[in-house]
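Scroll down for the structure; my scribbles are underneath it.
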Amino acid sequence: MIFPLKSQQSDHRVCVIDGDPAVRDSLQYLCGSQGYPAIGFSTCAAFLRMLDQQMCARSVICEAQLPDGSGLELFQELRRRGLQMPFALMMSRVSLPALTHATRLGVEYVWPKPLVDRAPLIQFLDG
């Protein structure tokens with residue numbers, strides 16, 4: 001299925017990083033259905049390789065625990081590189097200490113996983 005693009009630049013896309021292919025695919029589909037092209041990655045390293053190839057990311061949706069690191073470590077690496085794109089962190093177990101730590105680091109969007117309500121995703125994409 002083809003969705004209309006809200007951006008004229010096809011290399012500006014939402015990057016979905018999750019080790020679970022079903023979650024990754026469904027988030028890519030949901031982003032596309034809102035008019036935002038999305039590309040998926042199963043690891044931090046794969047996503048960073050894409051960035052190193054000068055491809056652009058409009059925003060990032062990332063699982064907190066990945067096979068090769070954490071979503072918070074990836075967030076910090078992006079900020080170290082001077083990249084300020086919107087970043088959403090999905091957590092299987094949202095606890096007050098984990099939420100506080102993420103917000104202190106500067107993560108503005110923290111969602112429970114699985115994402116049941118589309119409203120936070122739509123707000124993130126349109127924001």
Side-chain angles (χ1 to χ4, degrees):
M1 179 175 281
I2 299 175
F3 300 106
L5 303 181
K6 292 207 176 177
S7 168
Q8 295 300 320
Q9 297 178 336
S10 62
D11 63 341
H12 288 262
R13 55 183 63 116
V14 178
C15 294
V16 177
I17 309 159
D18 197 297
D20 183 335
V23 172
R24 195 170 57 244
D25 292 347
S26 66
L27 282 170
Q28 286 178 252
Y29 176 82
L30 286 171
C31 290
S33 72
Q34 295 300 310
Y36 295 97
I39 185 170
F41 303 91
S42 60
T43 64
C44 296
F47 171 70
L48 291 172
R49 277 194 302 275
M50 182 272 311
L51 284 180
D52 291 340
Q53 295 171 2
Q54 306 303 316
M55 294 190 69
C56 298
R58 178 192 179 280
S59 56
V60 175
I61 301 170
C62 186
E63 163 62 37
Q65 295 301 318
L66 293 158
D68 64 343
S70 78
L72 286 178
E73 291 168 343
L74 180 61
F75 175 79
Q76 291 176 301
E77 175 61 22
L78 294 175
R79 294 312 186 253
R80 245 188 318 275
R81 293 180 179 206
L83 301 171
Q84 298 296 319
M85 75 273 289
F87 190 97
L89 185 69
M90 296 182 300
M91 301 176 106
S92 297
R93 294 178 192 93
V94 179
S95 67
L96 185 56
L99 181 61
T100 301
H101 181 63
T103 56
R104 281 189 181 152
L105 290 175
V107 177
E108 294 180 24
Y109 298 90
V110 179
W111 303 328
K113 183 180 176 186
L115 184 64
V116 178
D117 182 7
R118 288 186 191 188
L121 174 66
I122 293 169
Q123 180 184 7
F124 174 75
L125 294 172
D126 289 340

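Atom CD of Gln84 sits about 14.0 Å away from atom OG of Ser59, to the nearest 0.5 Å. Rounded to the nearest 0.5 Å, atoms CD1 (Ile39) and CZ (Arg58) are 15.0 Å apart. Note that CZ of Arg118 is 11.5 Å distant from CG of Leu125, once rounded to the nearest 0.5 Å.
For Met91 against Ala64, the heavy-atom pair with the smallest separation is CG-CB, 3.9 Å.
Counting only residues at least two apart or on different chains, the salt bridge (charged side-chain N to carboxylate O under 4.0 Å, His left out) pairs with a member in residues 17-39 are Asp18-Lys113.
Shown here are the side-chain contact (heavy atoms from CB on, under 4.5 Å) partners of Gln65, two or more places apart in sequence or in another chain: Glu63, Ser70. Residues satisfying the side chain to side chain donor-acceptor pair (under 3.5 Å) criterion with Asp52, sequence neighbours excluded, are Arg81. In this view, Arg93 satisfies the side-chain contact (heavy atoms from CB on, under 4.5 Å) rule with no residue, not counting sequence neighbours.
Cluster membership for Val14 and Val23, using ILVMFWY side-chain heavy atoms within less than 4.5 angstrom, is shared. Criterion: ILVMFWY side-chain heavy atoms under 4.5 Å apart, direct or through other members. Under it, Phe87 and Ile122 are not part of a common hydrophobic cluster.
Using a 4.5 Å heavy-atom cutoff, the side chains of Cys62 and Phe75 are not in contact. Residues Leu83 and Val60 have side chains not in contact (no heavy-atom distance under 4.5 Å, counting atoms from C-beta outward).
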Exercise for the section: Please step through side-chain contact (heavy atoms from CB on, under 4.5 Å) for the pair Ile61 and Leu115, ending with a clear verdict. Expected result: CA-CA 11 Å; Ile61 301 170; Leu115 184 64; over 6 Å; no
Pair up each side-chain donor or acceptor in residues 40-51 with any protein partner under 3.5 Å, not counting sequence neighbours, and list the distances.
residue: Thr43; atom: OG1; partner: Ala46; partner atom: N; Å: 3.0

Would you mind writing out the side-chain donor-acceptor pairs for residues 103-112 within the sub-3.5 Å range, not counting sequence neighbours?
residue: Thr103; atom: OG1; partner: Leu99; partner atom: O; Å: 3.1
residue: Thr103; atom: OG1; partner: Thr100; partner atom: O; Å: 3.0

